[in-house]
Each structure stands twice: as C-alpha cells, then as structure tokens.
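In what follows, chains carry the letters A, B, and so on, assigned in the order in which the sequence lines appear, proteins first and then strands, with residues in each chain numbered from 1.
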Amino acid sequence: MPFPTPRAAFLEGLKNGAPFVIVVAPFALLFGVLATEAGLNVAEVMGFSVLVIAGAAQFTALQLMSEQAPTVIILVSALAVNLRMAMYSASLVPFVGSAPMWQRVLMSYLMFDQNYALSITRFETDHELTVPQRVAYYFGAVSLVAPLWYVLTYAGAVVGQRIPEQFALDFAVPVTFLALIAPALRTVAHLGAALVSVVFGLLLAGVPYNLGLLIAASAAILTGAEIERRMTRGLA
Amino acid sequence: MTYSDNQIWFLIGAMAIGTFLIRFSFLGLVGDRKLPDWLLRHLRYTPVAVFPALVAPLVMWPAATGGQPDPARILAAGVTLLIGYRTRSALYAIIGGLGTLYAMMALLG
C-alpha cells in the first residue's frame with residue numbers, strides 16, 4: 001500500500017525498525033565494554049562507533065588489536081567484513097539512485113544490515129512508492145538504531161572497567177561472531193565456505209602477522225562462489 | 001594492546017573512509033549499472049568466509065586458559081551456533097552461548 005506522504009513513510013519505517021533496537025542494543029553495549037577493557041579510551045571507542053559505525057567490522061578490529069596484528073591486516077580484515085555492503089549499495093540503486101546526492105551520502109553512512117533488509121524488501125514488493133517515500137522509509141527504519149548505537153557504546157565504555165573478570169568477556173567476541181553467521185548457514189555454498197574458513201583458520205593460525213586469516217577468508221570465498229556456480233549450472 | 005594513539009586514530013580514520021566508500025560505492029559513484037554475476041557471487045560469501053577463520057582459533061585455543069582447549073568454551077560455541085541456526089536470531093544465540101559458558105564455568109569450578 002503506498003503512503004500518502006514521505007512523512008507517513010518515515011513513520012512506517014520507524015515502526016518497522018523498532019524491534020531491531022533489541023538486537024542492536026546489546027552489541028553496542030558490548031562493543032563499548034570490550035573496547036574499553038582492551039585499553040581504548042572513550043574518545044577512541046566513540047571514534048569507532050560514530051565514524052566507522054559498522055558493528056561486525058568494529059568487533060573484528062578489536063579482536064585483531066588484542067592479538068597485536070599489524071594495522072594493515074586489521075584494516076583489510078575489517079573492510080573485508082564490510083564488503084557485503086557493496087552488494088547492498090548496488091541493489092538500492094534502481095530504487096533510490098535518482099535521490100539527491102546529500103540523501104544518498106547520508107543513506108550510505110547510515111547503512112545497517114537491519115534497515116537495508118527492511119527497506120529492500122519493501123521496495124521490491126511495494127511498486128507504488130515514490131523515490132522520496134523510499135528514502136523516508138529507509139531513514140525511518142534506521143533512526144532508532146543509529147542513535148542507540150552511539151549512546152549505548154558510550155554507556156558500555158563508561159561502565160567497561162567495572163565488569164569483573166568472572167564474566168569471561170574474552171569469549172563474548174567469538175560468541176557474537178558465531179551468532180552473526182549461524183543464521184546465514186542456509187545453503188551448501190555457505191556451509192562449504194564456513195567449513196573451509198574454519199579448517200584454514202586453524203591450520204594457518206600460526207602464520208605471522210595474522211596473514212592466515214586473510215588466506216583462509218580468500219580460500220573460503222572462492223569455495224562458496226565455486227559451489228554456487230556449479231550448483232546453479234547444474235540447475236540450468 | 002600496544003598501539004600508539006596515532007596508530008589507533010589512523011586505523012579508525014582508514015576504517016571509516018573505507019567503510020563509507022564501500023557503502024557509497026554504487027549509490028554514489030557507480031550508479032545504475034548491473035554488477036557482473038561473478039562479483040556478486042564472491043561478495044555474497046565474505047562474512048561467512050571471514051568470521052569462522054577468526055573465531056575457530058579463539059574457540060580451540062582461548063588466551064584466557066593459556067591456549068589450552070577448554071570444554072566450557074567449546075560447548076558454549078556449539079550452543080551458540082545451534083541456537084543461531086535454528087532460531088535465526090543472533091540475540092538468542094548470544095544469550096544461549098554466554099549462558100552455557102557461565103553455567104559450565106560454575107559447574108566445573
């Protein structure tokens with residue numbers, strides 16, 4: 001059903017995006033806590049959440065920093081985690097590519113997995129939407145999650161030093177990553193990629209400069225893509 | 001960690017610019033051009049390729065136990081994966097995983 005105004009579209013996005021608060025809040029808090037425990041000061045912690053504003057990449061950087069990895073390796077690994085967003089960006093173009101540049105800049109900065117997924121589903125099913133309504137919906141869907149990301153990162157950074165060791169927070173990062181990928185293991189190709197990633201990750205754990213991670217990830221990407229290629233060809 | 005302030009801010013700045021450019025890539029720079037299938041095929045697998053390799057050594061040889069395999073952590077990792085797979089909810093998976101870890105640590109002392 002089309003919205004009468006962009007304002008109505010914004011409010012609808014806001015409503016649809018509200019449940020994600022429950023998902024994003026613990027991640028933000030956890031990042032603040034772990035980054036502070038790892039030795040970053042509040043300004044640096046907030047620098048990550050405000051400037052980078054990409055949870056999975058931030059946790060990746062944090063983990064590799066605690067392993068003393070070289071800066072270049074941290075950078076490449078964190079950006080590799082974000083590459084999926086190039087796919088998001090491409091898929092949004094047919095729907096909002098003609099919006100004003102400043103809106104597309106802001107949409108890019110505020111690209112979360114959650115508001116992207118909501119928006120693209122809506123755009124694909126609701127053909128009556130105008131471009132301003134689509135943009136408004138997208139911003140509506142992110143406008144609770146984004147401020148929450150900043151505020152709870154800050155809260156986590158402030159309480160961070162006061163969390164006792166018994167909570168085994170060293171293991172919160174692995175658990176977070178496993179939780180993020182488990183729902184994505186739906187196809188043989190995803191499973192194959194994950195398996196290659198684990199095996200190479202373990203075998204190459206001793207490679208200097210954490211280069212093993214990049215080798216393992218590359219091998220896994222090639223595996224996933226190749227399995228997909230063979231399976232789609234088999235179907236054709 | 002032993003990074004200087006400059007190194008940390010360099011990392012933050014470079015990650016910020018790199019992440020923005022990835023998000024802005026097609027919306028702002030490339031525009032409405034169809035991506036080749038082979039590229040989409042590879043982009044699709046980046047998260048599932050990076051995270052397991054990052055996590056596997058942390059599960060098998062946790063620093064907190066001096067690198068010794070720890071039943072509590074291995075079980076917690078398994079529970080996290082299982083719940084995440086079954087419920088498709090990252091939140092439930094984290095709660096289940098950390099809950100398992102705490103329960104195991106309490107049990108094993």
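Atoms OG1 and CD, on B:Thr2 and A:Gln68 in that order, are 3.5 Å from each other to the nearest 0.5 Å. A:Asn82 CG to B:Leu21 CG: the interatomic distance, rounded to the nearest 0.5 Å, is 11.5 Å. Within the model, atoms NE2 of A:His190 and CZ of B:Arg44 stand 7.5 Å from one another, a figure rounded to the nearest 0.5 Å. B:Arg41 contributes atom CZ, which lies 11.0 Å from atom CG of A:Leu222 (distance to the nearest 0.5 angstrom). Rounding to the nearest 0.5 Å gives a distance of 12.5 Å between CG of B:Leu43 and CE of A:Met85.
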Please assess B:Ile8 against A:Met65 for the test side-chain contact (heavy atoms from CB on, under 4.5 Å), listing each intermediate value before the final yes or no.
-> CA-CA 9 Å; B:Ile8 292 172; A:Met65 286 173 92; 3.8 Å; yes
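Here A:Ala86 is the residue among A:Ala86, A:Gly212, A:Ala43, A:Ala205 with the most heavy-atom pairs under 4.5 Å with chain B. Ranked by non-hydrogen atom pairs under 4.5 Å with chain B, the options A:Val199, A:Ile181, A:Asn41, A:Val96 are led by A:Ile181. Of the listed residues (A:Thr176, A:Val196, A:Thr71, A:Leu75), the one with the most heavy-atom contacts under 4.5 Å to chain B is A:Leu75. Contact count against chain B (heavy-atom pairs under 4.5 Å) is highest for A:Ala189 among A:Ala189, A:Ser218, A:Ala99. Chosen from A:Ala219, A:Pro26, A:Gly47, the residue pairing most often with chain B at heavy-atom distances under 4.5 Å is A:Gly47. Looking only at heavy-atom pairs under 4.5 Å with chain B, the residue among A:Phe59, A:Tyr109, A:Phe27, A:Tyr88 that has the most is A:Tyr109.
By the 4.5 Å heavy-atom criterion applied to side chains, A:Ile53 and B:Arg23 are counted as neighbours. Residues A:Ile22 and B:Leu91 form a side-chain contact, since some pair of their non-hydrogen atoms from C-beta on lies under 4.5 Å apart. For the pair B:Phe24/A:Val105, a side-chain contact is recorded, criterion being any heavy-atom separation below 4.5 Å from C-beta on.
Scanning both residues, A:Leu64 and B:Leu54, for their nearest heavy atoms gives CD2-CD1, 3.9 Å. Counting all heavy atoms, side chain and backbone alike, B:Ile22 lies closest to A:Leu79 at CD1-O, 3.7 Å. Smallest separation of non-hydrogen atoms from A:Phe48 and B:Met15: CE2-SD, 3.8 Å. Contact detail for B:Ala49 and A:Ser197: the closest heavy-atom pair is O-OG, 2.6 Å. Between B:Trp9 and A:Glu44, the closest heavy-atom pair is NE1-CG, 3.6 Å.
Within a 6.0 Å sphere centred on CZ of A:Arg229, other residues, nucleotides and ligands contribute more than 12 heavy atoms. Within 6.0 Å of atom OH in A:Tyr154, 12 or fewer heavy atoms from other residues, nucleotides or ligands are found, so the atom counts as exposed in its surroundings.
No donor-acceptor pair under 3.5 Å is formed between the side chain of B:Thr80 and the backbone N or O of A:Ala179. The backbone N or O of B:Phe20 lies less than 3.5 Å from no partner atom in the side chain of A:Ser108, so there is not a single donor-acceptor pair.
No part of B:Asp37 comes within reach of chain A, as not one of its non-hydrogen atoms sits under 4.5 angstrom from that chain. With a 4.5 angstrom heavy-atom cutoff, B:Leu40 touches chain A via backbone and side-chain atoms both. Proximity to chain A is limited to the side chain of B:Met60, based on heavy atoms less than 4.5 angstrom apart.
Only one option out of B:Val48, B:Thr46, B:Val50 pairs with A:Ile221 in a side chain to side chain contact (heavy atoms under 4.5 Å, CB included); it is B:Thr46.
Contacts classified as ring pair (Phe, Tyr, Trp, His ring centres under 6.0 Å) and involving residues 50-95 of chain B (residues at least two apart or in different chains) are given here: A:Phe177-B:Phe51.
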